Amino acid sequence: MSTEYESMQVEKWVNLEDVADYLGITQDTARTWAREGRIPAYKVGKRYKFKISEVDDWVRNNGSASEKEGEQDE
């Protein structure tokens, strides 16, 4: 095997419960956001899986922007 492959770190997938806890939201909210495509998620069988790095990027970029847009409509 190449040394490049051996030195790669593979990010672990987290489940719905983990991502909800990480974001401080309920599992129902995380499930709804995943189903609606509002948060980066992958469906594996009947379950959603997440990568924390993608969730972090989403929070930095889209997550806060979508909340601000909702506030402007009021």
Side-chain angles (χ1 to χ4, degrees):
M1 284 187 189
S2 72
T3 56
E4 181 181 337
Y5 177 78
E6 292 171 353
S7 66
M8 285 179 23
Q9 290 186 350
V10 178
E11 181 179 359
K12 291 184 179 180
W13 294 89
V14 297
N15 61 26
L16 189 90
E17 181 181 355
D18 294 334
V19 82
D21 187 50
Y22 183 74
L23 292 173
I25 59 176
T26 66
Q27 291 181 38
D28 287 339
T29 298
R31 186 178 297 107
T32 300
W33 288 359
R35 185 175 46 244
E36 294 174 352
R38 294 174 57 189
I39 189 171
Y42 301 85
K43 188 107 185 227
V44 181
K46 294 182 177 182
R47 299 178 184 266
Y48 287 102
K49 295 292 183 177
F50 305 84
K51 287 189 175 184
I52 293 297
S53 64
E54 292 180 359
V55 172
D56 283 339
D57 289 342
W58 172 79
V59 168
R60 282 188 210 100
N61 300 315
N62 302 327
S64 59
S66 63
E67 289 178 11
K68 289 178 185 172
E69 288 173 9
E71 291 173 1
Q72 291 175 351
D73 293 339
E74 293 179 9

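Residue numbers start at 1 and run along the sequence shown. The figures that follow rest on heavy atoms only: side chains count, while hydrogens, waters and symmetry mates do not. Just so it is clear, the model here is predicted, and its values are computed rather than measured.
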W58 reachable from W13 in the ILVMFWY side-chain graph, under 4.5 Å edges: no

If the condition is ring pair (Phe, Tyr, Trp, His ring centres under 6.0 Å), which residues does Y22 pass it with, not counting sequence neighbours? none

Sort and list the pairs that fulfil salt bridge (charged side-chain N to carboxylate O under 4.0 Å, His left out) and have at least one residue in residues 16-31, not counting sequence neighbours. D28-R31

Not counting sequence neighbours, which residues clear side-chain hydrogen bond (donor to acceptor under 3.5 Å, both in side chains) with N15? List them please. none

Interatomic distance, L23 atom CG to T29 atom OG1 [nearest 0.5 angstrom]: 10.5 Å

Would you mind listing every side chain to side chain donor-acceptor pair (under 3.5 Å) that reaches into residues 39-50, with sequence neighbours excluded? Y42-E54

Give a yes or no on whether the backbone of A20 and the side-chain of Q27 come within a donor-acceptor separation of less than 3.5 Å. no

Look up atom CZ in F50 and atom CH2 in W33, then write down how far apart they are to the nearest 0.5 Å. 10.5 Å

